[in-house]
Every structure is written in C-alpha cells, then in structure tokens.
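Beneath this line is the structure, given in structure tokens, with notes to follow.
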Amino acid sequence: MLDPKLIRANLEEVAQGLAKRGFTLDVELLRSLEEERKAIQIKTENLQSERNSRSKNIGKAKAAGEDIAPLMSQVEQLKQDLAAAEAELHLVQQNLDDYLSGVPNIPAAEVPEGASEDDNVEVRRWGKPREFDFEVKDHVDLGAELSGLDFDTASKITGARFAVMKGGIARLHRALIQLMLDTHLAEHGYEEVNVPYIVNADSLFGTGQLPKFEEDLFKLNDERGFYLIPTAEVPVTNLLRDTLLDKEATLPLKFVAHTPCFRSEAGSHGRDTRGMIRQHQFEKVELVQFVKPEQSDEALEALTGHAEAILQKLGLPYRTVILCGGDIGFSSAKTYDIEVWVPSQNKYREISSCSNFRDFQARRLKARYRDPETGKPALLHTLNGSGLAIGRTLLAVLENYQQADGSVLVPEALQPYMGGLTRIGG
RNA sequence: GGAAGGGUGGCAGAGUGGUUGAAUGCACCGGUCUUGAAAACCGGCGUAGGUUAAUAGCCUACCCAGGGUUCAAAUCCCUGCCCUUCCGCCA
C-alpha cells in the first residue's frame with residue numbers, strides 16, 4: 001500500500017510514477033473520494049465531539065443530583081445524526097481503501113522503462129555456457145533415462161504440473177536445499193526459520209498477494225479461509241506483522257526458510273508445460289530481510305549477491321537483469337531477476353527474483369521499528385529473493401552437467417551432501 | 001471433541017457504565033547527585049487519523065476483531081479469532 005499522505009499531496013507525481021509500470025491511476029476518482037472523505041470526516045468528528053461533551057455534562061449533572069431530563073432531550077437528535085454520519089464516513093473510507101489496496105508500488109527511479117520482459121536490462125553475466133560436443137538432452141529426457149524424474153506417474157497420482165523424483169535425483173534435490181541453507185546461514189548471516197505452509201488471508205494481504213491475485217493461489221476448502229503458501233515470503237515476512245521493534249532490536253533481520261510453494265498457475269496454460277520449469281508444487285529456499293529504510297537499496301544488492309553466490313558455487317552460468325517497469329511485480333519497487341543458463345533451450349531462464357518492497361508491504365503489515373534518532377515508530381523496509389528455486393536449480397544442474405553417455409556429474413559443492421557421490425548414472 | 005478461565009501501552013499488570021487514554025511496576029528519555037557509573041530522588045514517556053506552515057495547539061478514534069445496548073462502554077450483551085489450564089484423542 002502506498003502512503004495515503006503521499007498520494008494526497010503529490011497525486012500527479014504518483015500517477016506519473018505508476019505510469020512507468022503501465023498502471024493508470026484514476027486521479028479524478030481519488031480526488032473526489034478524498035474531498036468527500038475530508039468533508040464527512042470533519043462533520044463526523046464534530047458530532048462526536050459534541051456527543052462527548054454533552055454526555056460528560058449528563059454524568060456531572062447526575063452526580064450532582066440535578067434533573068437530567070432536559071439534557072437528555074437535547075441529545076436525542078444528535079444520536080441519529082451521528083449514526084448517519086458515521087455510516088457515511090465508513091462507506092467512503094471503505095471505497096478509498098478498496099481502491100488503494102489495488103494500487104501497485106511505484107517503481108524506483110532506476111527501473112528502466114518498458115512494457116514486457118523483453119525490455120528488461122542485463123546488468124551482469126557470470127560464467128560461460130559450456131560447449132557440448134554431443135547433442136544435449138533436456139532434463140526431462142535425462143531424468144527419464146536415469147529413472148529419476150517421472151512426470152507421467154505424478155500426473156496419475158495428482159495431475160499435470162507435478163513431478164516424482166527418485167534415487168540420485170531425489171537426493172540431489174535434497175542436497176541443493178542443504179547447500180543453500182548452509183551457505184546462507186554460515187556465509188551470509190541469515191537465521192533459519194521454519195514456518196507454516198498454510199496461511200490466512202491477512203497474511204496474504206500483508207505481502208500483497210491479496211486481494212488482487214487470489215486466482216494464483218490454492219485456497220483450502222475450509223471455513224477459515226486458509227491458503228497454501230505460494231512462496232515462503234508470505235509466512236516469513238508476516239513474522240513481523242503488527243510488530244513494533246524496540247530501540248534495542250538489532251537490524252537488519254535476515255531470515256532464510258526452505259518451504260514448498262504452491263501455485264495454481266491460472267492463466268499460464270500452455271506455457272512451459274514440459275518438465276520442471278512451471279509446477280503446481282515446487283520447493284524454494286527464500287531469503288527475507290527487514291531493514292532500516294536508508295539501508296534497503298544496499299540490502300537489495302547484497303541479497304541478490306547472496307542468491308548469485310549459490311550459482312557460482314554450483315558453477316552454473318547466469319545473468320542478472322533488472323526488471324523494467326512493465327514486468328515488475330505488484331508490491332515491488334525494484335527487482336533483479338537472476339537467470340540461469342538452460343542448455344536445452346539455449347537461453348537464460350529465471351531462477352531467482354530479488355525485490356525491494358521498500359515500505360509498501362510494511363505499511364500493509366504494520367511492521368515497524370522505533371527509530372533511535374526520533375524515538376518514533378517508523379515503517380521498516382522489506383526485501384526478499386529466492387536463494388534459489390530448487391526445482392529449477394536441479395534442472396540446471398542436470399542439463400549443464402550432463403555427459404555424452406547420459407550420466408550427470410555432481411558439482412563439487414554438492415558432493416559432501418551426496419555422500420561423496422561424483423556422478424549420477426553411467 | 002468436552003469443561004473452565006483469559007485477551008488492556010514496548011513488556012508485566014490494575015481497572016466499580018460517567019473529568020479514564022487508562023493506576024502501578026519494569027524498560028526507555030531528560031535532570032539532580034557523583035571523578036565516572038550504579039543507587040536514590042525529580043520530571044517526561046502510547047498509536048493512528050484530521051486540522052495546520054508546524055514534529056505547536058486543538059479535535060477524533062483506538063483496551064483482540066466485528067456487531068449491539070446506552071445520553072455515555074475497557075467495563076454490559078452477541079458473534080468470531082487467539083491464548084492458558086484440566087479431561088479425552090493422537091504423530
């Protein structure tokens with residue numbers, strides 16, 4: 001949620017900032033709702049003030065043993081007027097809130113202009129795609145030949161966009177999780193957390209998935225309105241919902257969590273239907289940071305580096321792009337995508353998305369700290385990024401480390417987690 | 001699943017329908033004292049919204065959430081959520 005004061009004071013500038021992401025702010029609607037709100041609020045508060053003072057007088061008169069009947073008759077009409085004004089105010093405020101909760105974050109100044117992912121700008125590249133002297137296979141064929149990846153059985157058990165992993169590949173999958181968690185703990189200073197995979201609607205509102213993106217979620221058939229998490233971002237960022245950190249709290253707070261993620265992939269029919277790229281259920285190691293506002297720009301660079309470090313350890317070529325205005329997520333002010341080299345597709349594919357949300361989520365969450373300078377509560381800045389998506393990393397390892405005989409070498413960094421195994425198959 | 005008791009400031013914890021935004025303690029901030037610190041003492045200290053040039057004043061709201069009763073609700077009533085204790089069940 002954007003700062004209502006900012007919108008009020010700088011309506012045109014806000015609209016201009018949002019235009020960069022192709023969002024048209026309804027300036028006229030906001031202006032008229034705001035005028036209405038102001039008038040009704042003042043009227044309501046005046047009535048409340050009058051009620052309060054009259055009620056106090058009644059109390060005093062009663063205590064003094066005076067006759068309160070005349071005072072009571074004066075207050076009759078007031079009660080009705082107040083009820084009407086309060087109802088009206090409630091309605092306008094609801095309309096304002098409904099509209100504002102659907103307004104996305106303003107892209108940072110350095111976010112490039114553009115309409116789609118084609119306009120994202122590469123900021124760096126690491127590693128060189130390997131030259132193959134044989135016909136490369138994709139991970140689906142490799143996995144099938146190794147009897148380690150089975151999409152047909154998964155579709156029997158559940159349906160499309162699920163996978164069964166077995167043997168060395170299942171273990172490789174687990175090894176990736178361990179490597180990532182251990183690296184972020186020991187080398188990047190994150191604290192490991194284990195969180196619920198089922199969340200309530202308030203949590204999803206806090207991070208911005210609701211109210212706009214409900215169709216992307218799996219909702220449980222449960223009267224409590226629970227959802228499966230689409231990312232650990234939701235439960236981990238909500239650790240600080242409705243929280244005011246005291247002055248002694250050490251910032252930044254850095255959490256890493258491994259969770260499954262569940263996405264309905266509504267609207268992506270026909271895209272990436274083969275293999276592990278786009279599944280209804282996948283696992284991810286997620287990095288989340290809560291930082292002081294003045295540190296969030298820097299923190300995004302660091303966090304992105306933490307995710308990149310995993311790819312470097314694995315020896316997987318990647319490039320990092322900054323998302324353009326048209327491609328950036330709803331809650332984000334600035335996002336870097338890290339894209340790993342996928343030999344079978346001969347291109348880089350997203351494996352991590354690292355975002356600075358500034359105070360956009362924190363305002364919805366009421367995640368605050370006490371600013372030691374002013375002694376006053378202030379909104380934190382939140383950031384998160386995949387560090388990394390496990391399924392896609394597995395896919396990248398299989399394809400980039402494949403051998404002519406169909407076997408797959410185990411990257412050195414993973415061998416300790418594989419009981420010293422250096423090769424799968426062959 | 002059954003029974004009972006709770007949810008109040010950053011934390012702990014009082015609170016009888018009416019000068020209660022809320023006692024008290026801790027924490028925190030300022031001061032006195034001290035070579036310095038601690039202790040003691042004095043003072044201050046909630047959040048949000050509105051109005052405003054104002055982080056001054058004034059007004060409003062907020063005691064888990066949402067409804068209700070009342071001239072007036074932290075206090076009474078209803079619903080929901082959560083927590084604690086006991087019993088039952090269970091990985």
Side-chain angles (χ1 to χ4, degrees), chain A residues 1-10 30-31 33-101 194-206 210 220 222-227 235 238-251 253 290 293 359 362-380:
Chain A
M1 188 116 80
L2 294 173
D3 185 355
K5 282 185 189 162
L6 178 78
I7 294 180
R8 228 173 282 155
N10 304 299
L30 271 176
R31 227 194 285 276
L33 278 175
E34 191 45 45
E35 261 174 46
E36 214 181 328
R37 190 225 91 228
K38 193 165 170 170
I40 296 170
Q41 183 166 345
I42 290 170
K43 179 172 134 197
T44 306
E45 290 186 358
N46 285 338
L47 287 169
Q48 285 171 329
S49 178
E50 192 166 336
R51 176 207 57 197
N52 290 345
S53 62
R54 289 189 184 226
S55 289
K56 269 184 187 171
N57 287 337
I58 291 174
K60 273 195 252 182
K62 211 175 163 187
E66 292 166 20
D67 178 20
I68 58 169
L71 290 170
M72 297 286 276
S73 66
Q74 281 173 19
V75 98
E76 253 169 52
Q77 184 62 36
L78 186 61
K79 195 187 175 188
Q80 287 169 34
D81 293 347
L82 181 56
E86 280 177 341
E88 211 180 340
L89 180 62
H90 187 77
L91 189 69
V92 186
Q93 248 153 9
Q94 192 63 53
N95 287 340
L96 259 176
D97 285 351
D98 286 351
Y99 185 76
L100 290 180
S101 65
N194 190 297
V195 291
Y197 306 154
I198 296 175
V199 294
N200 59 34
D202 286 344
S203 294
L204 288 157
F205 179 83
L210 290 181
L220 298 186
D222 178 300
E223 69 280 2
R224 287 169 291 197
F226 287 162
Y227 298 81
N238 274 278
L239 287 172
L240 291 205
R241 171 148 58 88
D242 295 323
T243 301
L244 173 58
L245 296 175
D246 65 27
K247 239 175 286 190
E248 289 73 40
T250 48
L251 287 170
L253 289 172
F290 298 90
D359 62 11
R363 184 168 294 108
R364 292 173 162 233
L365 292 161
K366 296 190 190 70
R368 299 171 300 165
Y369 74 110
R370 200 174 282 284
D371 185 342
E373 302 277 308
T374 63
K376 291 286 168 192
L379 292 171
L380 288 159

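As the structure is a prediction and not an experimental result, all values here were calculated from the model. Per chain, numbering begins at 1; letters A, B, ... match sequence-line order.
Comparing the C1' positions of B:rG43 and B:rA48 gives an interatomic distance of 27 Å, to the nearest angstrom. Straight-line distance between the C1' atoms of B:rG6 and B:rG15: roughly 15 Å, to the nearest whole Å. Here the separation of B:rG67 from B:rA73, taken at their C1' atoms, is 14 Å to the nearest Å. Going from the P atom of B:rC63 to that of B:rC11 covers 16 Å, rounded to whole Å. Only the C1' atoms considered, B:rA65 is 35 Å distant from B:rA54, to the nearest whole Å. On the C1' atoms, B:rA22 is 29 Å away from B:rU85, given to the nearest whole Å. If you take atom C1' in B:rA37 and the same atom in B:rA53, they sit 44 Å apart, rounded to whole Å. Of the C1' atoms belonging to B:rG21 and B:rG2, the separation is 40 Å, rounded to the nearest Å.
In terms of heavy-atom proximity, A:R54 sits nearest to A:L78 at CD-CD2, 4.1 Å. Across every non-hydrogen atom of A:Q48 and A:L82, the tightest pair is CG-CD1, 3.6 Å.
To the nearest angstrom, P of B:rG50 lies 11 Å from CG of A:L96. Between A:D242 atom CG and B:rC11 atom C1' the separation is 17 Å, expressed in whole Å. With rounding to whole Å, A:Q93 atom CD is found 13 Å from B:rA61 atom P. Counting to the nearest Å, the P atom of B:rG50 and the CD atom of A:E35 are 15 Å from each other. Whole-Å rounding puts the A:Q48 CD to B:rA48 P distance at 19 Å. If you measure from atom CZ of A:R54 to atom P of B:rU60, you get 14 Å, rounded to the nearest angstrom. Atom CD1 of A:I42 is separated from atom P of B:rU52 by 7 Å (rounded to the nearest Å). The separation between A:L240 atom CG and B:rG10 atom C1' is 14 Å, rounded to whole Å.
One finds no side-chain N or O of A:S49 lying less than 4.0 angstrom from the OP1 or OP2 phosphate oxygen of B:rC59. Close to B:rU51, at under 4.0 Å from its OP1 or OP2, lies no side-chain N or O of A:N46. Regarding contacts with the backbone of B:rU51, a side-chain N or O of A:K38 is found under 4.0 angstrom from either OP1 or OP2.
Applying the Watson-Crick and G-U wobble criteria (two distances, each under 3.5 Å), B:rA40 pairs with B:rU32. Partner assigned to B:rU47 is B:rA61, using Watson-Crick or G-U wobble distances below 3.5 angstrom. B:rA91 is unpaired under the Watson-Crick or G-U wobble criterion, no partner having all donor-acceptor distances under 3.5 Å. Pairing partner, B:rG5: B:rC83, with both Watson-Crick or wobble hydrogen-bond distances short of 3.5 Å. Across all strands shown, B:rG21 forms no Watson-Crick or G-U wobble pair with both distances under 3.5 Å. The pairing partner recorded for B:rG66 is B:rC78, the criterion being a Watson-Crick or G-U wobble arrangement whose two distances lie under 3.5 angstrom. Nucleotide B:rU55 forms no Watson-Crick or G-U wobble pair with any nucleotide shown, as no partner meets the under 3.5 Å limit on both distances.
Looking at residues two or more places apart in sequence or on another chain, you find no side chain to side chain donor-acceptor pair (under 3.5 Å) involving A:N57.
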Next on the checklist: Show, in sequence, the C-alpha distance, side-chain angles and deciding distance for A:Q93 and A:D97, and conclude whether the side chain to side chain donor-acceptor pair (under 3.5 Å) test is met.
Outcome noted: CA-CA 6 Å; A:Q93 248 153 9; A:D97 285 351; over 6 Å; no
Next on the checklist: Show, in sequence, the C-alpha distance, side-chain angles and deciding distance for A:V199 and A:F226, and conclude whether the side chain to side chain contact (heavy atoms under 4.5 Å, CB included) test is met.
Outcome noted: CA-CA 6 Å; A:V199 294; A:F226 287 162; over 6 Å; no
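With hydrogens and angles ignored, no donor-acceptor pair closer than 3.5 Å exists between the side chain of A:Q41 and the base of B:rG49.
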Considering only nitrogen or oxygen atoms on both sides, find all protein atoms under 3.5 Å from nucleotides 72-76 of chain B and state each distance.
from	atom 1	to	atom 2	distance (Å)
B:rA72	O4'	A:S55	OG	3.0

Quick test: give all pairs of protein nitrogen or oxygen and nucleotides 45-47 of chain B nitrogen or oxygen below 3.5 Å, distance rounded to 0.1 Å.
from	atom 1	to	atom 2	distance (Å)
B:rU47	O3'	A:R368	NH1	3.2

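Positionally, the nearest nucleotide of RNA chain B for A:K5 lies more toward the 5' end than for the other of A:K5 and A:T44. Each of A:K60 and A:D3 was assigned the nucleotide of RNA chain B with the nearest heavy atom; the assignment lying further toward the 5' end belongs to A:K60.
Counting only heavy atoms from C-beta outward, the side chains of A:R363 and A:P4 approach each other to under 4.5 Å. The shortest side-chain heavy-atom distance between A:L253 and A:L239 does not fall under the 4.5 Å cut-off. With contacts defined as side-chain heavy-atom distances shorter than 4.5 Å, the pair A:L96/A:L30 qualifies. At least one side-chain heavy atom of A:N238 sits less than 4.5 Å from a side-chain heavy atom of A:L365. Taking 4.5 Å as the limit, every side-chain heavy atom of A:D371 sits out of range of all side-chain heavy atoms of A:K376.
Among the protein residues, A:N52 comes within range of the sugar-phosphate backbone only, with heavy atoms under 4.0 Å from sugar or phosphate atoms but none that close to a base. Contact annotation for A:K366: no contact, since no heavy-atom pair falls under 4.0 Å across all strands.
The side chain of A:M72 approaches B:rC71 more closely than any other nucleotide in the set B:rG50, B:rC71, B:rG21. The side chain of A:R8 lies closest to B:rG49, out of B:rU19, B:rC71, B:rG49.
Looking only at atom types and distance, the side chain of A:N200 has a donor-acceptor partner in the side chain of A:S203 under 3.5 Å away. For the residue pair A:N46 and A:E50, no side-chain donor N or O sits within less than 3.5 Å of a side-chain acceptor on the partner.
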